[in-house]
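Presented below is the structure to which this report refers.
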Amino acid sequence: MEIIPAIDIIDGKCVRLTQGDYAQKKIYNEHPLEVAKEFEDAGLQRLHLVDLDGAKAGQVKNWKVLEAIAGKTALTIDFGGGIKQEEDVNIVFNSGAALATVGSIAVKNEEELLRWFTLFSADKFLLGADVKDEKIAIGGWLETTGIWVYDFIEKYIRHGVKQIFCTDVSKDGKLEGPAIDLYKNILQKFPSLHFIASGGVSSIDDLHALRDAGCNGAIVGKAIYEGKVKIKDLRFEI
C-alpha cells in the first residue's frame, strides 16, 4: 500500500483543518516546499496537495506552490481545490501536477467533467468521494446529497476513472481512526478499483488496518504534523 502524505495550503502556507472547518485552522509550516522535500528525503514518492483557498474561491489559487514543489522535487503530485473550469485544469497540469483532483464537479457538472475526460484523458484525474452515512457530500462537506457512494463510484469507473480516494467526513482531521468498514464495503463491490483511503489515520496500526482491508493507498495528513506518525516510518510501503 502506498503512503501519500498531504499538504493543505492557505495563503501559501502548510495548514490543516478539522472536518473542513476554516475556523479550525492550524499552520504547521510557512514553506510547503520544505515539507515536500522532507517527504521526498524520507523516500515517499507521492503527494496529495490541496488548495484550500482555491476550494473556497471556486478557482485555483495556490498554483505557484504546486509549481515550486513540482519543479524542485520528483514527487508525483495530485492537486485539487477550486478546479471548476477548463482553464483551472490547464493551470494544474502546466504547473506540474500528474493528476488533477476533482470532487464536487463530479456531482454538480458531470457533463463538463466528462468533456475534460475527453480532452485530457480520464486517467489524468483523481476522483474524490467525500462520504457521510454512505452518501456523497459536497461543498466543503456542508451539503450531503442523496447519491449513494457505490452508485457514484460505479458510474465514474464506467467513464474511465482509474483512481478514487474516499474520505468519511465524520473522521477527517479528528485522529480517531479511518472508516475501515466503509472501505471494505467499497472494495468488496469494486475489487479492481485503485482505491485510496483518506481521513482519520492516527497511527501506523491504522495504516496496517487499511492495507489489510485491501486499500491501494492511504492519504496521511494531520497524523504526520501532530507527530502521531513519524515520516521516517513511512518510507517503506506499508
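Please read all numbers here as calculations on a predicted model, not as lab measurements.
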Check [X] against [Y] and note the closest heavy-atom contact, atom names and distance.
{"X": "Ile231", "Y": "Ala42", "answer": "CG2-CB, 3.2 Å"}
{"X": "Leu126", "Y": "Ile164", "answer": "CD1-N, 4.1 Å"}
{"X": "Ala179", "Y": "Asp168", "answer": "CB-OD2, 3.5 Å"}
{"X": "Ile83", "Y": "Thr101", "answer": "CD1-O, 3.5 Å"}
{"X": "Pro32", "Y": "Val65", "answer": "CB-CG1, 3.8 Å"}
{"X": "Gly214", "Y": "Leu187", "answer": "C-CD1, 3.6 Å"}

N-O pairing of [X] and [Y] below 4.0 Å:
{"X": "Lys64", "Y": "Glu67", "answer": "yes"}
{"X": "Lys84", "Y": "Glu112", "answer": "no"}
{"X": "Glu154", "Y": "Lys189", "answer": "no"}
{"X": "Asp78", "Y": "Arg46", "answer": "yes"}

Are side-chain heavy atoms of [X] and [Y] found at a separation under 4.5 Å?
{"X": "Glu110", "Y": "Lys155", "answer": "yes"}
{"X": "Val161", "Y": "Phe117", "answer": "yes"}
{"X": "Lys72", "Y": "Lys37", "answer": "yes"}
{"X": "Ile186", "Y": "Cys166", "answer": "yes"}
{"X": "Lys228", "Y": "Ser203", "answer": "no"}
{"X": "Leu234", "Y": "Leu207", "answer": "yes"}
{"X": "Lys222", "Y": "Tyr28", "answer": "yes"}

Main-chain N/O of [Y] paired to [X] side chain as donor or acceptor, under 3.5 Å:
{"X": "Thr145", "Y": "Ile136", "value": "yes"}
{"X": "Asp51", "Y": "Asn62", "value": "yes"}
{"X": "Asn185", "Y": "Leu182", "value": "no"}
{"X": "Asp130", "Y": "Ile138", "value": "no"}
{"X": "Tyr150", "Y": "Glu134", "value": "no"}
{"X": "Tyr183", "Y": "Ile196", "value": "no"}
{"X": "Thr167", "Y": "Val169", "value": "no"}

| task | Please check if the distance between the ring centroids of His48 and Phe165 is under 6.0 Å. | result |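 Distance test on ring centres: under 6.0 Å, yes.
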| said: Suppose we call two aromatic rings close when their centres sit under 6.0 Å apart. Are Phe195 and Phe190 close by that rule? | reply: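 No: the rings miss the under 6.0 Å criterion.
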| said: Under a 3.5 Å threshold, yes or no: a donor from one side chain and an acceptor from the other, between Asp123 and Ser121? | reply: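 Checked: Asp123/Ser121 side chains pair up, N/O donor to acceptor below 3.5 Å.
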Could you grab the distance from atom [atom1] of [X] to atom [atom2] of [Y], nearest 0.5 Å is fine?
{"X": "Glu40", "Y": "Leu47", "atom1": "CD", "atom2": "CG", "answer": "10.0 Å"}
{"X": "Ser104", "Y": "Leu113", "atom1": "OG", "atom2": "CG", "answer": "11.5 Å"}
{"X": "Ile153", "Y": "Leu127", "atom1": "CD1", "atom2": "CG", "answer": "8.0 Å"}
{"X": "Leu114", "Y": "Ile105", "atom1": "CG", "atom2": "CD1", "answer": "10.0 Å"}
{"X": "Arg211", "Y": "Ile204", "atom1": "CZ", "atom2": "CD1", "answer": "10.5 Å"}
{"X": "Lys13", "Y": "Glu30", "atom1": "NZ", "atom2": "CD", "answer": "4.5 Å"}

If hydrophobic clusters are built by linking Ile, Leu, Val, Met, Phe, Trp and Tyr wherever their side-chain heavy atoms come under 4.5 Å apart, do [X] and [Y] end up in the same one?
{"X": "Leu210", "Y": "Ile4", "result": "no"}
{"X": "Leu49", "Y": "Ile224", "result": "yes"}
{"X": "Ile219", "Y": "Leu66", "result": "no"}
{"X": "Val102", "Y": "Val92", "result": "yes"}
{"X": "Phe120", "Y": "Leu99", "result": "no"}

| said: Using side chain to side chain contact (heavy atoms under 4.5 Å, CB included), reason through Ile3 and Val220 one step at a time and then give a plain yes or no. | reply: CA-CA 7 Å; Ile3 305 302; Val220 188; 4.0 Å; yes
| said: Apply side chain to side chain contact (heavy atoms under 4.5 Å, CB included) to residues Ile7 and Val50 and explain how you reach the verdict. | reply: CA-CA 6 Å; Ile7 295 179; Val50 183; over 6 Å; no
| message | Go through it in stages, so that I can follow the logic: the residues are Ser95 and Phe79, the test is side chain to side chain contact (heavy atoms under 4.5 Å, CB included), and I'd like the CA-CA distance, side-chain angles, deciding distance and then a yes or no. | response | CA-CA 10 Å; Ser95 300; Phe79 181 95; over 6 Å; no
| query | So Trp116 and Phe125, would you call those rings parallel, tilted or perpendicular, with 30° and 60° as cut-offs? | reply |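 It falls in the parallel class, under 30°.
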| request: For side chain to side chain contact (heavy atoms under 4.5 Å, CB included), just list the numbers for Cys14 and Asp8, CA-CA rounded to whole Å, side-chain angles, deciding distance to a tenth of an Å, and then say yes or no. | output: CA-CA 6 Å; Cys14 175; Asp8 291 357; over 6 Å; no
| said: Can you confirm if the NZ or CZ of Lys26 lies within 45° of the ring axis of Tyr225 and under 6.0 Å from the centre of its six-membered ring? | reply: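 Checked: cation-pi criterion not met.
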| Is it true that atom CG of Asn94 has more than 12 heavy atoms of other residues, nucleotides or ligands lying nearer than 6.0 Å? |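 More than 12 heavy atoms, drawn from other residues, nucleotides or ligands, come within 6.0 Å of this atom.
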